[in-house]
Amino acid sequence: MSRGCPELPCRPKGGLREAAFIAAEAVVSVEYDAGGGVCTLLRLKPGAEAVAYPLSEDRSLYEESVEERRGFRVVKHSLGLVRDGLSHEQTHPLEEVSGGGCLILLSFNCGSRALVGASKRMGLSQPLRLVEAKRNRGKKPSDGIAEELLFESFDLSVAACLDSSVEIPVAARTGCESCPVNL
């Protein structure tokens, strides 16, 4: 397994500043350093961009765990995003990016950035997929809607850090214009 991103925070929850989604079919290629632990270039199809969604930092989390599957050790990537206080217009099942799988660009409060859903060894063959979505309405109409989204993928490598020179066009999702977007 590649070394991956050593700066990823090891907190049970929290520390996740932003998550931006790219449909797997919008990615032309991904390049890595020799060890595969740092993404040095991410090429998208013309006009394609990542889409950022608001999230609840203290309840969202990203985890990597090693599992045995069919005699192979694999890394399970799990991203649990919680979005609180949303209006009906802001909720969306992410079908436009998650139907065929997606890559997710994560930004952490500590300044680290990671690319999840692609790796040097597996390429783009193991994108993250939406495996569970829950919506809960608050007790009062002013509470808004809370969404809990779970994305998973299995790969042979841990997530790669994004090199500081990698720039990805990011659009804020309708209804989250106030979200900080600076991947």
Side-chain angles (χ1 to χ4, degrees), residues 1-11 14-53 55 57 60-81 94 96-131 149-172 180-183:
M1 281 188 257
S2 69
R3 186 156 155 33
C5 192
E7 301 95 30
L8 289 181
C10 296
R11 295 173 54 187
L16 191 58
R17 188 181 77 218
E18 294 173 347
F21 299 77
I22 302 172
E25 61 267 7
V27 178
V28 174
S29 65
V30 183
E31 295 178 14
Y32 300 89
D33 67 346
V38 178
C39 171
T40 57
L41 184 64
L42 178 61
R43 283 192 192 97
L44 303 180
K45 290 180 180 175
E49 57 188 8
V51 181
Y53 289 84
L55 59 92
E57 183 270 341
S60 298
L61 77 123
Y62 172 68
E63 294 180 311
E64 295 175 338
S65 57
V66 178
E67 297 183 2
E68 288 282 332
R69 293 190 115 203
R70 298 184 188 130
F72 293 97
R73 286 193 171 185
V74 296
V75 178
K76 179 181 180 182
H77 299 271
S78 300
L79 177 63
L81 294 180
L94 305 174
E96 75 268 18
V97 294
S98 65
C102 59
L103 280 62
I104 301 180
L105 309 169
L106 299 176
S107 290
F108 297 93
N109 288 336
C110 62
S112 297
R113 302 182 315 153
L115 174 65
V116 185
S119 69
K120 186 171 184 172
R121 290 184 66 193
M122 300 291 290
L124 298 168
S125 68
Q126 297 296 316
L128 283 134
R129 298 194 185 276
L130 181 64
V131 295
L149 308 170
L150 177 62
F151 294 85
E152 292 180 346
S153 75
F154 293 89
D155 200 326
L156 298 176
S157 303
V158 296
C161 286
L162 278 175
D163 187 88
S164 60
S165 66
V166 176
E167 293 184 21
I168 296 113
V170 179
V181 178
N182 51 9
L183 286 169

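In what follows, every heavy atom counts, from backbone to side chain, and hydrogens, waters and symmetry copies are set aside. Keep in mind that what you see is a predicted model, and the values were worked out from it rather than measured.
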Minimum heavy-atom separation for Glu63 to Leu61, with atom names? CG-CD1, 3.0 Å
Can you see which heavy atom on Ser153 is nearest to which on Pro127, and at what distance? CB-O, 3.4 Å
Measuring from Leu81:CG to Leu106:CG, what's the distance to the nearest 0.5 Å? 8.0 Å
Distance-minimising heavy-atom pair for Ala160 and Cys39: CB-N, 4.0 Å
Could you check whether any side-chain heavy atom of Val116 comes within less than 4.5 Å of a side-chain heavy atom of Leu79, counting everything from C-beta outward? no
On a heavy-atom basis, the closest approach of Arg121 and Ser157 is CD-OG, 4.1 Å
Under 4.0 Å between a Lys/Arg side-chain N and an Asp/Glu carboxylate O for Lys45 and Glu25? no
State, yes or no, whether a side-chain contact exists between Arg73 and Glu68 at a heavy-atom distance under 4.5 Å. yes
Kindly determine whether Asp33 and Asp163 satisfy side-chain contact (heavy atoms from CB on, under 4.5 Å), including the steps that lead there. CA-CA 9 Å; Asp33 67 346; Asp163 187 88; over 6 Å; no
Starting at NE2 of His77, measure out to CG of Leu128 and round the result to the nearest 0.5 Å. 7.5 Å
To the nearest 0.5 Å, what is the distance between CG on Asp155 and CD on Gln126? 6.5 Å
The test is side-chain contact (heavy atoms from CB on, under 4.5 Å); show your working for Leu130 and Phe21 and say whether it passes. CA-CA 11 Å; Leu130 181 64; Phe21 299 77; over 6 Å; no
How far does CD of Glu18 sit from CG of Asn109, to the nearest 0.5 angstrom? 9.5 Å
If I compare all heavy atoms of Ala118 with all of Tyr32, which pair ends up nearest, and what's the gap? C-OH, 3.3 Å
What is the ring orientation for Tyr62 with Phe108, classed by angle as parallel under 30°, tilted 30 to 60°, or perpendicular over 60°? tilted
Going by heavy atoms in the side chains, are Leu124 and Leu103 under 4.5 Å from each other? yes
So among Cys110, Ser60, Ser112, Ser107, which one has a side chain to side chain contact (heavy atoms under 4.5 Å, CB included) with Arg17? Ser107
If you look at every heavy atom in Ala20 and Val170, which pair is closest and at what distance? CB-CG1, 4.3 Å
Glu67: which residues meet the side chain to side chain contact (heavy atoms under 4.5 Å, CB included) condition with it, sequence neighbours left out? Ser65, Arg69, Val74, Lys76, Phe154
Set of residues satisfying side chain to side chain donor-acceptor pair (under 3.5 Å) with respect to Arg70, sequence neighbours excluded: none
Measuring from Ile104:CD1 to Leu16:CG, what's the distance to the nearest 0.5 Å? 9.5 Å
Does any non-hydrogen side-chain atom of Leu42 lie less than 4.5 Å from one of Leu44? yes
Using a 3.5 Å distance criterion without hydrogens, assess whether the side chain of Glu64 forms a donor-acceptor pair with backbone atoms of Ala159. yes
Less than 4.5 Å apart, any side-chain heavy atom of Leu41 and any of Val30? no
Is the shortest side-chain heavy-atom distance between Arg113 and Val166 below 4.5 Å? yes
